[in-house]
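To start, the structure under review is shown below, and the notes come after it.
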Number of protein chains: 2
Amino acid sequence: MEKESLSAQCPVDYAFQRIGGKYKGRILWLLSRGTIRYGEMRRYLVNVSPKMLTQALRELERDELICRKVYQEVPPRVEYSLSASGSLLVPFITQLNDWACELMDKNQIPAFRPRK
Amino acid sequence: MEKESLSAQCPVDYAFQRIGGKYKGRILWLLSRGTIRYGEMRRYLVNVSPKMLTQALRELERDELICRKVYQEVPPRVEYSLSASGSLLVPFITQLNDWACELMDKNQIPAFRPRK
DNA sequence: CAGCATCCCATACGATACTG
DNA sequence: CAGTATCGTATGGGATGCTG
């Protein structure tokens, strides 16, 4: 359908296309704490099916925000981490987190904050 | 459906629920430059139908990120601007914009940046 | 001018089961 | 362990036309 040819676009839009979506924010936030295995992500990200998690991870990898490292072992081990480009987003996500925390406090919404 | 009762959630997720979506980024970016009328927004935000624009604006208003001011005139005039809470987002939308600009440069993607 | 209503379609998302 | 495959639902979004 070559909508790709209409590629002139707003940078903010471009950014949101990469970090938007239902789970990418949480995934990046999780990865900002360091390298993590697939199964461990699953335990942190409750209510995310493997299908959706994998899909989001593949998109993030395709856009070069994260790195995927496969260890040729049995049982298999796959580790995810932020790429250089993705790491540049950390300050942004941290600020966003702080902003939301204040809002949630003010609105008295119980926040679930993943422990270290 | 009372999914609202499951309101304990991750702050980053909470934030993305408010500023995510296909057009909210561009809208906030536009509003960060100052108060603007509905019709003028439409001219800036190409390829956004009135339905979707209005829907996004209503959600932003409900979440108190923007202010909507109606002037009782004929013809009608409606102005949108950032709220106090929404204004706090400006620094990191700017960061996001800068991040994306670098990426687009590197990937040689022609960026459309709205003029002042 | 600033929208709302209606209809319709695409895709995002979800549940479950299975595999190298 | 780290995913696929398959199917079904729900939401997001577009086109068009109408209104105070």
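Order of the sequence lines sets the chain letters (A, B, ...), proteins ahead of strands, with each chain counted from 1.
For the pair B:Gln17 CD and C:dC13 P, the interatomic distance rounds to 12 Å; values are reported in whole Å. Put simply, CD on B:Glu59 is 12 Å from C1' on D:dT11, counting in whole angstrom units. Rounded to a whole Å, the CG atom of A:Leu45 is 14 Å from the P atom of D:dG3. One can place CD of B:Glu61 at 14 Å from C1' of C:dA2, the figure rounded to the nearest angstrom. At whole-Å resolution of the value, CG in B:Leu53 and P in C:dA2 are 11 Å apart. When rounded to the nearest whole Å, the span between CD of A:Gln72 and C1' of D:dC1 equals 13 Å. When rounded to the nearest whole Å, the span between CD of A:Glu40 and P of D:dA2 equals 9 Å. Taking atom CZ of residue A:Arg77 and atom P of nucleotide D:dG3, one finds them 13 Å apart after rounding to whole Å.
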Provide a list of protein-nucleic acid N or O atom pairs under 3.5 angstrom, restricted to nucleotides 18-20 of chain C.
none

Under 3.5 Å, which protein N or O atoms sit close to an N or O of nucleotides 3-8 of chain C? Give each pair with its distance.
residue	atom	partner	partner atom	Å
C:dG3	OP1	B:Arg58	NH2	2.9
C:dG3	OP1	B:Arg68	NH2	2.8
C:dG3	OP2	B:Tyr80	OH	2.8
C:dC4	OP2	B:Arg58	NH1	2.5

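End-to-end axis angle of the helix from C:dC1-D:dG20 to C:dG20-D:dC1, using five pairs per end and rounding to 10°, comes to 60°.
Scanning for salt bridge (charged side-chain N to carboxylate O under 4.0 Å, His left out) contacts around A:Arg26 gives B:Asp13, with sequence neighbours left out. Listed by chain and residue number, A:Glu73, A:Glu79 satisfy the salt bridge (charged side-chain N to carboxylate O under 4.0 Å, His left out) test with A:Arg77 (two or more places apart in sequence, or in another chain).
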Discussion item. Please determine whether side-chain contact (heavy atoms from CB on, under 4.5 Å) holds for the pair A:Leu103 and B:Ser85, giving the CA-CA distance in whole Å, both sets of side-chain angles, and the decisive distance to 0.1 Å.
Written reply: CA-CA 8 Å; A:Leu103 225 59; B:Ser85 179; 3.4 Å; yes
Discussion item. Is there a side-chain contact (heavy atoms from CB on, under 4.5 Å) between B:Phe16 and A:Ile19? Walk through the geometry before answering.
Written reply: CA-CA 9 Å; B:Phe16 267 93; A:Ile19 66 171; 3.9 Å; yes
Quick one: side chains of residues 56-68 of chain B, donor-acceptor pairs under 3.5 Å with protein atoms, not counting sequence neighbours, listed by atom name and distance.
residue	atom	partner	partner atom	Å
B:Arg58	NH2	B:Tyr80	OH	3.4
B:Glu59	OE1	B:Lys24	NZ	2.7
B:Arg68	NE	B:Tyr80	OH	3.1

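By the rule that hydrophobic residues join a cluster once side-chain heavy atoms approach within less than 4.5 Å of another member, A:Val46 and A:Leu30 end up as members of separate clusters. Hydrophobic clustering of Ile, Leu, Val, Met, Phe, Trp and Tyr side chains at less than 4.5 Å, counting indirect connections, unites B:Val70 with B:Met41.
A distance of 8.0 Å separates SG in A:Cys10 from CE in B:Met104, rounded to the nearest 0.5 Å.
Residue-level contact check: B:Tyr23 touches the backbone only, with heavy atoms under 4.0 Å from sugar-phosphate atoms and none from bases.
Taking 4.5 Å as the limit, every side-chain heavy atom of A:Pro76 sits out of range of all side-chain heavy atoms of A:Tyr71.
Distances shown here put every side-chain N or O of A:Lys22 at or beyond 4.0 Å from the OP1 or OP2 atom of D:dT11.
Judged by the 6.0 Å and 45° rule, B:Arg42 forms no cation-pi pair with B:Tyr44. Cation-pi geometry between A:Arg18 and A:Tyr14 is met: the NZ or CZ atom falls under 6.0 Å from the ring centre, inside 45° of the normal.
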